[in-house]
Number of protein chains: 2
Amino acid sequence: MARQAQTATAVLGVLSIGPATGYEIRQAVANVLGHFWHESFGQIYPCLTELEADGLVLAAPGERANSRRYEITAAGRARLKMLLAEPPSPQPPRNGTLLRIFFGRAASPAELATVLDTQETEARARLATFAAIRAELATEAAYAEHVPYWSATIRAGELAAEAQLTWVAETRAALLPPATLPTS
Amino acid sequence: MARQAQTATAVLGVLSIGPATGYEIRQAVANVLGHFWHESFGQIYPCLTELEADGLVLAAPGERANSRRYEITAAGRARLKMLLAEPPSPQPPRNGTLLRIFFGRAASPAELATVLDTQETEARARLATFAAIRAELATEAAYAEHVPYWSATIRAGELAAEAQLTWVAETRAALLPPATLPTS
DNA sequence: CCAACCATGTAAGTTGTTACATGATTAA
DNA sequence: TTAATCATGTAACAACTTACATGGTTGG
């Protein structure tokens, strides 16, 4: 139960919204949720097999040959509720950018500037993606009950990205010699 | 080179500040840097052995029996500079809290409230820790050259924690029924 | 008909954690 | 003297990724 509990949570969660094939679960995880949670094929299929064996999901033959559409069972919903109530197992921090800044004295200013530029570009790209997702969410009437939760999730990403932009600006001013600024 | 490259960066980075035993490296990583980067014993010792074989660090007998104090070599500094210049390999997102919020419709409001409370407590604790580290940094004259970099790293943590507090407040208002508020 | 996509699954390999084994030193 | 801390290292295990193997379906 401890094993793959986190993957099971994600898979059951997706199925709690509606039936899906393994492929579609992967797609769902790769889209909105993908900005906060990652799963790969190699985990999803074995997990589905296990969940089926435990009676937490049911497989029906899909529209295509060899495809199976999974549905969550009542037991599956109960399990999901349990899993959601468990305290999230913290992922050990591994922030490559901050590792580079922390040991920044051993690097050259040009390298630090690149790190900060990349960080800024990525944060802006994420904000743009979130804006696009929000626009899409507004038109999806079918999932109206879920929208507040999805919106809250996206909001976390937006605030984190904004904090990152603030940090980049502050850090540029603090660590980079003014001469390297492109202005004037 | 790809293998354990990230661990090697952290280990060489610590040694670029001063000589240390494997145990001390672990300590260093567990303290300030530990809020942004994690390494375990099982990685550090084999990594040191490899680095020594590659001539990037030198081992001298330490003060205690069976202890070895490692020093970075010129080649080690050069390698560190290279590693710091490489783009950080992104860690796949696995935010347990956001996973729980995203599927929040399948959970009860009480469980959501707990998740948010935990998030808030953790963020506040982190801010307190960062304040303590800042106070300590101010008194350390020996590492004055590194302080701007360490300070920038801590600042990233502070901004992230503050963003998290903002998010918790917003999300409570958006997702939790007003009746569950403890006020009046 | 061919490319792109839908769809499932496995096997090998890498990475990282945890527990264990061992023992010296220091402070209470 | 006993607990905590310093110190190193390994072995087993768990988690996760990647590449591979396979084949159906749809649209241009």
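Proteins come first, then strands; the chains are lettered A, B, ... in the order of their sequence lines, and each starts at number 1. Being a predicted model, the structure only gives us computed values, none of them experimental. Just the heavy atoms: all of them, side chains too, but no hydrogens, waters or symmetry mates, feed the values below.
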Before giving the answer on side-chain contact (heavy atoms from CB on, under 4.5 Å), spell out for A:Arg68 and A:Glu52 the whole-Å C-alpha distance, their side-chain angles and the decisive distance to 0.1 Å. CA-CA 12 Å; A:Arg68 349 185 58 208; A:Glu52 195 186 5; 3.4 Å; yes
Exercise for review: Decide yes or no on side-chain contact (heavy atoms from CB on, under 4.5 Å) for B:Cys47 and B:Glu50, but give the supporting numbers first.
Suggested key: CA-CA 5 Å; B:Cys47 181; B:Glu50 262 181 61; 5.7 Å; no
query: So B:Leu83 and B:Glu86, side-chain contact (heavy atoms from CB on, under 4.5 Å) or not? Walk me through it.
result: CA-CA 5 Å; B:Leu83 291 172; B:Glu86 278 179 18; 4.2 Å; yes
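- Residues B:Leu51 and B:Ile72 have side chains not in contact (no heavy-atom distance under 4.5 Å, counting atoms from C-beta outward).
- Ion pairing between a basic and an acidic side chain is recognised when a charged N comes within 4.0 Å of a carboxylate O; A:Arg126 and A:Glu162 show no such pairing.
- Taking the nucleotide of DNA chain D with the nearest heavy atom to each of B:Gln27 and B:Tyr70, the more 5' of the two is matched to B:Gln27.
- Rounded to whole Å, the distance from CZ on B:Arg94 to P on C:dT15 is 18 Å.
- Ring orientation note: the planes of B:Phe41 and B:Tyr23 are tilted relative to one another, at an angle of 30° to 60°.
- Within the nucleic acid shown, A:Arg69 has no heavy atom closer than 4.0 Å to any nucleic acid atom.
- For the pair A:Trp37 CH2 and D:dT17 P, the interatomic distance rounds to 11 Å; values are reported in whole Å.
- Here D:dA15 presents its P atom at 15 Å from CD of A:Gln91, a figure rounded to the nearest Å.
- Rounded to whole Å, atom P of D:dT17 lies 16 Å from atom OH of A:Tyr45.
- Dense packing is recorded around CD of B:Gln27, with more than 12 heavy atoms of other residues, nucleotides or ligands lying under 6.0 Å away.
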Polar atoms only, N or O, under 3.5 Å: list the protein pairs with nucleotides 24-27 of chain D and their distances.
from: D:dT25; atom 1: O4'; to: A:Arg64; atom 2: NH1; distance (Å): 3.4

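- Both A:Ser40 and B:Glu24 lie close to DNA chain D; mapped to their nearest nucleotides by heavy-atom distance, the more 5′-ward contact belongs to B:Glu24.
- With salt bridges taken as basic N to acidic carboxylate O contacts below 4.0 Å, one links B:Glu24 and B:Arg69.
- In this structure, CZ of B:Arg68 is placed 16 Å from C1' of D:dC6, rounded to the nearest angstrom.
- Per the geometry, CZ belonging to A:Phe41 stands 18 Å off C1' belonging to C:dA12, to the nearest Å.
- Look at B:Thr21 and you'll find a side-chain N or O under 4.0 angstrom from OP1 or OP2 of D:dT8.
- Taking the side chain of A:Tyr23 as heavy atoms from C-beta on, and the options C:dT8, D:dA7, C:dT17, the nearest nucleotide is C:dT8.
- As judged by a 4.0 angstrom heavy-atom cut-off over every strand, B:Arg26 is placed among residues making no nucleic acid contact.
- Nucleic acid contact for A:Ser67: sugar-phosphate only, since backbone atoms but no base atoms lie under 4.0 Å from a heavy atom of the residue.
- Put simply, B:His38 has a side-chain N or O that comes within less than 4.0 Å of OP1 or OP2 on C:dT17.
- Between A:His35 and A:Phe130, the ring planes are perpendicular. Angles over 60° get that label, and only those under 30° would be called parallel.
- If you take CD of A:Gln43 and P of D:dT18, they are 11 Å apart, rounded to a whole angstrom.
- Annotated stems with DNA chain D as a participant read C:1-28 with D:1-28, given as range with range, by first number; only runs of 3 or more Watson-Crick or G-U pairs under 3.5 Å qualify.
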